[in-house]
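Accompanying notes for the structure given below.
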Amino acid sequence: MISLLAAYTKNNRVIGNKGKIPWNLPSERNRFKKICKNKCVLMGRKSFEEIGHALPYCTLVIISKTLKKAPEKCMLVHSLEEGIELCSRLNQTEILIAGGEQIYRQSLPLAKKIYATEIKTDFDGDAFFPPLDKNWKCVKKESKCENNIEYEYLTFLNQV
């Protein structure tokens with residue numbers, strides 16, 4: 001199963017600005033870690049560069065057309081399809097897609113689940129999470145507030 005894991009602003013769907021996540025929510029990072037634990041996580045090069053290192057709790061696969069060598073303790077593929085195939089060979093029951101914008105756009109039609117953090121404060125940005133169509137249904141919602149930022153953890157399932 002392919003799932004997306006994303007944090008974005010509710011109104012304008014910002015996920016990043018100039019290569020950085022524009023908010024600081026430690027609880028949201030802890031949720032990311034909990035969801036990713038012992039799973040195969042695919043992300044684009046720019047998303048990886050924002051993190052800057054391997055994640056010891058998961059198998060991290062970087063998707064890049066430009067990198068020639070895998071970052072330390074990571075795996076490198078050159079397309080989303082290649083990454084999904086690699087994670088499937090690793091016998092993963094759930095493959096997580098963790099950004100960025102282009103990877104989300106490519107993988108959304110393949111996904112069955114989305115773990116979303118929807119931030120109620122607007123931030124400026126230049127990278128966005130794609131809108132969801134009517135086939136996506138919210139099945140779980142949990143409200144949070146941290147650092148004066150209100151947000152919700154949402155779980156969506158694809159009804160198709």
same_hphob_cluster([X], [Y]) at 4.5 Å side-chain heavy-atom cutoff:
{"X": "I62", "Y": "M75", "result": "no"}
{"X": "Y115", "Y": "I2", "result": "no"}
{"X": "I114", "Y": "I15", "result": "yes"}
{"X": "I84", "Y": "L90", "result": "yes"}
{"X": "V77", "Y": "L60", "result": "no"}

Any residue meeting side chain to side chain donor-acceptor pair (under 3.5 Å) with [X], in chain and number order, not counting sequence neighbours:
{"X": "Q92", "result": "none"}
{"X": "T59", "result": "none"}
{"X": "T93", "result": "none"}
{"X": "E50", "result": "none"}

Qualifying salt bridge (Lys or Arg N to Asp or Glu O under 4.0 Å) pairs with a residue from residues 25-41, counting only residues at least two apart or across chains: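 Salt bridge (Lys or Arg N to Asp or Glu O under 4.0 Å) check on residues 25-41 returns K39-E94.
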Pairs meeting criterion salt bridge (Lys or Arg N to Asp or Glu O under 4.0 Å) with involvement of residues 58-87, two or more places apart: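 For residues 58-87, and leaving out neighbouring residues, the salt bridge (Lys or Arg N to Asp or Glu O under 4.0 Å) pairs sorted by first residue read E85-R89.
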Side chains of I95 and S3, heavy atoms from C-beta outward: is any pair under 4.5 Å?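 Result no, sub-4.5 Å side-chain heavy-atom pair not found.
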Given side chains that start at C-beta, do those of W23 and T121 come closer than 4.5 Å, heavy atoms only?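 Contact flag for W23/T121 side chains = no.
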Any idea which heavy atoms bring [X] and [Y] closest together, and the distance?
{"X": "A54", "Y": "F48", "result": "N-CE1, 4.1 Å"}
{"X": "G16", "Y": "P22", "result": "CA-CD, 3.9 Å"}
{"X": "Y104", "Y": "A98", "result": "OH-C, 3.4 Å"}
{"X": "V61", "Y": "G83", "result": "CG1-CA, 4.5 Å"}

Going from [atom1] on [X] to [atom2] on [Y], what distance comes out if it is rounded to the nearest 0.5 angstrom?
{"X": "L86", "Y": "L42", "atom1": "CG", "atom2": "CG", "result": "8.0 Å"}
{"X": "L25", "Y": "Y151", "atom1": "CG", "atom2": "OH", "result": "5.0 Å"}
{"X": "L76", "Y": "L67", "atom1": "CG", "atom2": "CG", "result": "5.5 Å"}
{"X": "K140", "Y": "K113", "atom1": "NZ", "atom2": "NZ", "result": "8.5 Å"}

Does S47 reach the main-chain N or O of M43 with its side chain, forming a donor-acceptor pair under 3.5 Å?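 Pair absent, no side-chain N/O of S47 close to backbone of M43.
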Treating S64 as the side-chain partner and T66 as the backbone partner, does any N or O pair qualify as donor plus acceptor under 3.5 Å?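 Yes; judged by distance alone, with no hydrogens or angles, the pair exists.
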Residues that E101 engages under salt bridge (Lys or Arg N to Asp or Glu O under 4.0 Å), provided they are two or more places apart: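 Partners of E101 by the salt bridge (Lys or Arg N to Asp or Glu O under 4.0 Å) criterion, ordered by chain and then number, come out as R105.
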Considering residues at least two apart in sequence or located in another chain, which fulfil the salt bridge (Lys or Arg N to Asp or Glu O under 4.0 Å) criterion with E49?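 Partners of E49 by the salt bridge (Lys or Arg N to Asp or Glu O under 4.0 Å) criterion, ordered by chain and then number, come out as R45.
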Strictly by ring-ring contact (aromatic ring centres under 6.0 Å, His included), give each pair with a member in residues 67-102 just once, sequence neighbours left out.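 ring-ring contact (aromatic ring centres under 6.0 Å, His included) check on residues 67-102 returns no pairs.
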Would you please name every residue forming a side-chain contact (heavy atoms from CB on, under 4.5 Å) with C36, sequence neighbours left out?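 For C36 the side-chain contact (heavy atoms from CB on, under 4.5 Å) partners, ignoring immediate neighbours, are L5, F32, V41, Y57, C58, L96.
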Could you give the side-chain donor-acceptor pairs of residues 152-160 under 3.5 Å, partners two or more places apart or in another chain?
from: E152; atom 1: OE2; to: S143; atom 2: OG; distance (Å): 3.3
from: Y153; atom 1: OH; to: S27; atom 2: O; distance (Å): 3.2
from: N158; atom 1: OD1; to: V160; atom 2: N; distance (Å): 3.0
from: N158; atom 1: ND2; to: A111; atom 2: O; distance (Å): 3.3
from: Q159; atom 1: NE2; to: L157; atom 2: O; distance (Å): 3.2

Any salt bridge between K120 and E118, counting N to O under 4.0 Å?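 The answer is no: the pair does not qualify as a salt bridge.
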What donor-acceptor contacts under 3.5 angstrom involve side-chain atoms of residues 123-136, with partners at least two apart or in another chain?
from: D126; atom 1: OD1; to: K18; atom 2: N; distance (Å): 3.2
from: D126; atom 1: OD2; to: K18; atom 2: N; distance (Å): 3.0
from: D133; atom 1: OD1; to: N135; atom 2: N; distance (Å): 2.9

